[in-house]
Amino acid sequence: MLIRNATLPDGRRRDVRLDGEQIAAVGEGLSGEDDTEIDATGKRLLPGMIDTHVHFRQPGAGHKETWATGSRSAAAGGVTTVVDQPNTDPPTVDGDAFDQKAGLAADSIVDFGLNGGVSPRWDPDSLLDRPLFALGEVFLADSTGDMGIDERRFREALAAAAEADVTVTVHAEDESRFNLGARDRSDADAWSAYRPARAEIDAVERVCALASEYDVDVHIAHASTPEAIDAAGEAGVSTEVTPHHLFLSRSNLNDLGTHGRMNPPLRREKRRERVYDRVRNGQVDIIATDHAPHTSGEKDAGIWDAPSGVPGVETALPLLLEEARRGHLSYERVRDLTAANPAALFDLPRKGRIAEGYDADLVLVDPEATREIRADDLHTTCDWTPFEGWSAVFPERTIVRGAIVYERTDGEESFQDQQGRNVRLERPTADTDDEIETGDQGEATEQADTAGEATAEMLPDELVDSDDQSPEGVDSAESAE
């Protein structure tokens, strides 16, 4: 396959030739070696998104999502690799549960990784004997699946991960900081009042200290506060931000209602803006969706009964591409947040770049083909989206290891069945010493040296921690936002 005259994230126009599952060449005036040629004039070509945080709900809750539906949704959104979290039923806390989930993941049309979980009943010996993507997300507070653990168990997990040389991803909230006074409220904003910013900030600071003590790689999942991002960066710990924490705030809860309940919860608008600043300036390492589908019927309950989580695997990259189209983010920054940095942080040496020898995981988009997000058009089993009506740039084609798994032309969509692979079963290293087409080193620039480190000066002093609530749970200022 030859993709001709594509505009890469750094603005260069190049031909990209594929040979089987890999990128064979990147350059100008390349000749094709078969009959498949795509004219990409005026289009953007990016490496496929590596979404390191999804909940595809199998086994145990296939009515919310399956590997078949979730991976199709991922492909339609330009995601070529997903990493599933362990809080399924049964939870992925031992070798048998891992094997069961691996069998279900065979239905995926995109590549995948499987995380292992930690609970009072976990079996680290059998679990760590499996090809884990990472250990986690390790829950330091309650969430879907009742897998929250205490510090003693967390220390046990860190020690086991250090011995096995496995990264630990952490859901960092300190339950002792939860505001019990907010339990008297019934409005949609009560969840944000109940789980205040201070609960996340304190937990991240503690996690960073323990990571240093055990000399283990730790990654902070779904950071929602600028202070947590800063604390992690100062400790050399990587962070991810979700699209919902990047684009939504407590001011959206009047419209979202209980559909806006998530862990960690939405923050004030000013705090959201400061999180966006850190995403833009390089302090945040990756964007991951925390795709957590629940049906609209399940979410349509009281604030204390509705399940936590929102869908996002199909809309994340399209929303970021719309931000790039508007000039709010560079296309290079989108590439780094969604592909290059995840590959570097989580040791995926053949993914995340458009360069010779790398997996042909690619997304082709028309940057001017903006359309509105509509739940009815999405492919997840989950029948709603928090971004209904938002503008986004969706892929024309998504390619996984050289195979077009999703295509949209003239409003008509098609999927191609393809067996996704567990990215940990084979871990070859791309031969970066191979000669790359003259002038095409830019897309292959090493990202690992900067992944996990803050790359910009700290912003001015932060504002008062106004997401934290009084002991009585009074939140009148926030409710009036």
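Since we're looking at a predicted model, the values are computed, not measured.
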Asker: Under a 4.0 Å N-O cut-off, is there an ion pair linking Asp111 with Arg421?
Answerer: no
Asker: Go through it in stages, so that I can follow the logic: the residues are Thr88 and Gln58, the test is side chain to side chain donor-acceptor pair (under 3.5 Å), and I'd like the CA-CA distance, side-chain angles, deciding distance and then a yes or no.
Answerer: CA-CA 6 Å; Thr88 45; Gln58 272 190 310; over 6 Å; no
Asker: How are the rings of Phe415 and Tyr406 set relative to one another: parallel (under 30°), tilted (30 to 60°) or perpendicular (over 60°)?
Answerer: tilted
Asker: What are the two closest non-hydrogen atoms of Ser330 and Arg333, and how far apart are they?
Answerer: OG-N, 2.9 Å
Asker: Yes or no on side chain to side chain contact (heavy atoms under 4.5 Å, CB included) for Arg272 and Arg267, after CA distance, side-chain angles and deciding distance?
Answerer: CA-CA 6 Å; Arg272 182 204 69 81; Arg267 307 299 185 188; 5.7 Å; no
Asker: Do the charged groups of Glu388 and Arg374 touch, with an N to O distance under 4.0 Å?
Answerer: yes
Asker: From Thr69 OG1 over to Arg57 CZ, what is the distance, rounded to the nearest 0.5 angstrom?
Answerer: 11.5 Å
Asker: Looking at OG1 of Thr381 and NZ of Lys64, how far apart are the two atoms once the value is rounded to the nearest 0.5 Å?
Answerer: 11.5 Å
Asker: Run the side chain to side chain contact (heavy atoms under 4.5 Å, CB included) test on Val79 and Thr338 for me, step by step, so that the C-alpha distance in whole Å, both residues' side-chain angles and the decisive distance to 0.1 Å come before the verdict.
Answerer: CA-CA 9 Å; Val79 177; Thr338 61; over 6 Å; no
Asker: Has Ser212 got a side-chain atom pairing as donor or acceptor with Ala209's backbone, closer than 3.5 angstrom?
Answerer: no
Asker: Are Tyr276 and His328, when compared by the centres of their aromatic rings, separated by less than 6.0 Å?
Answerer: no
Asker: How close do Ala288 and Thr52 get, heavy atom to heavy atom, and via which atoms?
Answerer: CB-OG1, 3.7 Å
Asker: Check whether the side chains of Thr258 and Lys299 place a donor and an acceptor atom closer than 3.5 Å, and report yes or no.
Answerer: no
Asker: Closer than 4.0 angstrom, basic N to acidic O: yes or no for Asp359 and Arg350?
Answerer: no
Asker: Without swapping roles, check the side chain of Glu200 against the backbone of Thr225 for a donor-acceptor pair under 3.5 Å.
Answerer: yes
Asker: For Glu273, is there an ion pair with Lys270 - N to carboxylate O distance below 4.0 angstrom?
Answerer: no
Asker: Starting at NE2 of His259, measure out to CD of Glu298 and round the result to the nearest 0.5 Å.
Answerer: 10.0 Å
Asker: I need the Asp217 CG to Leu158 CG distance, nearest 0.5 Å.
Answerer: 11.0 Å
Asker: In Å and rounded to the nearest 0.5 Å, what is the CG to NE2 distance from Asp51 to His291?
Answerer: 9.0 Å
Asker: Would you say the side-chain atoms of Glu240 pair up with the backbone N or O of Asp285, donor to acceptor, closer than 3.5 Å?
Answerer: no
Asker: What I want to check is whether the side chains of Ser126 and Asp123 have a donor and an acceptor closer together than 3.5 Å.
Answerer: yes
Asker: Over 60° means perpendicular and under 30° means parallel, so classify the ring planes of Phe139 and His171, tilted if in between.
Answerer: tilted
Asker: For Asn263 and Ser308, what are the C-alpha separation, side-chain angles and deciding distance, and is it a side chain to side chain donor-acceptor pair (under 3.5 Å)?
Answerer: CA-CA 6 Å; Asn263 302 327; Ser308 295; 3.3 Å; yes
Asker: Take Asn115 and Thr169 through the side chain to side chain contact (heavy atoms under 4.5 Å, CB included) test and state the conclusion after the steps.
Answerer: CA-CA 9 Å; Asn115 278 6; Thr169 70; 3.9 Å; yes
Asker: Ignoring hydrogens and geometry, is there a side-chain-to-backbone donor-acceptor pair from Arg261 to Ile303 under 3.5 Å?
Answerer: yes
Asker: Between the side chain of Asn252 and the main-chain N/O of Ser249, is any donor-acceptor distance below 3.5 Å?
Answerer: yes
Asker: Quick one: CZ on Arg424 to CG on Asn422, what's the gap to the nearest 0.5 Å?
Answerer: 8.5 Å
Asker: For His245, what residues pass the ring pair (Phe, Tyr, Trp, His ring centres under 6.0 Å) criterion, not counting sequence neighbours?
Answerer: none
Asker: Mark yes or no: Arg408 above the aromatic ring of Phe394, with NZ or CZ under 6.0 Å from the six-membered ring centre and no more than 45 degrees from the axis.
Answerer: no
Asker: How close do Pro59 and Gln100 get, heavy atom to heavy atom, and via which atoms?
Answerer: CB-NE2, 3.6 Å
Asker: Under the side chain to side chain contact (heavy atoms under 4.5 Å, CB included) criterion, do Val138 and Phe154 qualify, and how do the steps go?
Answerer: CA-CA 8 Å; Val138 176; Phe154 185 50; 3.8 Å; yes
Asker: For Leu425 and Pro131, which heavy atoms make the closest approach, and how far apart are they?
Answerer: CD2-CG, 3.7 Å
Asker: Ignoring hydrogens, what is the shortest heavy-atom contact between Thr398 and Gly78? Give both atom names and the distance.
Answerer: OG1-CA, 3.7 Å
Asker: Tell me if a side-chain donor or acceptor on Asp125 pairs with a main-chain N or O of Leu127 at a distance below 3.5 Å.
Answerer: no
Asker: For the residue pair Val275 and Val241, establish whether any side-chain heavy-atom pair is separated by less than 4.5 Å.
Answerer: yes
Asker: Does Pro265 offer a backbone N or O that forms a donor-acceptor pair with the side chain of Trp191 under 3.5 Å?
Answerer: no
Asker: Is a salt bridge present between Arg278 and Asp230, judged by a nitrogen-to-oxygen distance below 4.0 Å?
Answerer: yes
Asker: Restricting to non-hydrogen atoms, name the atom on Val365 and the atom on Pro395 that form the minimum distance, rounded to 0.1 Å.
Answerer: CG1-CA, 3.7 Å
Asker: Can a donor-acceptor pair be found, under 3.5 Å and without considering hydrogens, that links the side chain of Glu314 to the backbone of His379?
Answerer: yes
Asker: For the pair Arg280 and Asp277, find out whether any cationic side-chain nitrogen is under 4.0 Å from an anionic carboxylate oxygen.
Answerer: yes
Asker: Do the side chain of Asp336 and the main chain of Asn341 share a donor and acceptor less than 3.5 angstrom apart?
Answerer: no
Asker: Should Arg274 and Glu227 count as an ion pair when the cut-off is N to O under 4.0 Å?
Answerer: yes
Asker: Does Arg44 qualify as a cation-pi partner of Tyr331, given the criterion of NZ or CZ under 6.0 Å from the six-membered ring centre and within 45 degrees of its axis?
Answerer: yes
Asker: If we ignore angles and hydrogens, is there a donor and acceptor under 3.5 Å between the side chains of Glu372 and Ser391?
Answerer: no
Asker: Only pairs under 3.5 Å count here: list side-chain donor-acceptor contacts from residues 102-109, not counting sequence neighbours, and write none if there are none.
Answerer:
residue : atom : partner : partner atom : Å
Ser108  : OG   : Val110  : N            : 3.2
Ser108  : OG   : Val110  : O            : 2.7

Asker: Using a strict 4.0 Å threshold on nitrogen-to-oxygen distance, state whether Glu213 and Arg155 make a salt bridge.
Answerer: yes
Asker: Less than 4.5 Å apart, any side-chain heavy atom of Val54 and any of Thr289?
Answerer: yes
Asker: What class does the angle between the rings of His53 and His222 fall in, given that below 30° is parallel, 30 to 60° is tilted and above 60° is perpendicular?
Answerer: tilted
Asker: Check this for me, if you would: do Asp99 and Arg130 make a salt bridge, where the nitrogen-to-carboxylate-oxygen distance has to be below 4.0 angstrom?
Answerer: yes
Asker: Let me know which of Leu253, Thr242, Leu266 forms a side chain to side chain contact (heavy atoms under 4.5 Å, CB included) with Leu248.
Answerer: Leu266
Asker: Return yes if a side-chain donor-acceptor contact under 3.5 Å exists between Gln85 and Asn87, otherwise no.
Answerer: no
Asker: Could you list the residues that satisfy ring pair (Phe, Tyr, Trp, His ring centres under 6.0 Å) with Phe112, not counting sequence neighbours?
Answerer: Trp67
Asker: Apply ring-ring contact (aromatic ring centres under 6.0 Å, His included) to the pair Phe346 and His219, showing each step before the final yes or no.
Answerer: CA-CA 10 Å; Phe346 289 100; His219 173 74; 5.3 Å; yes
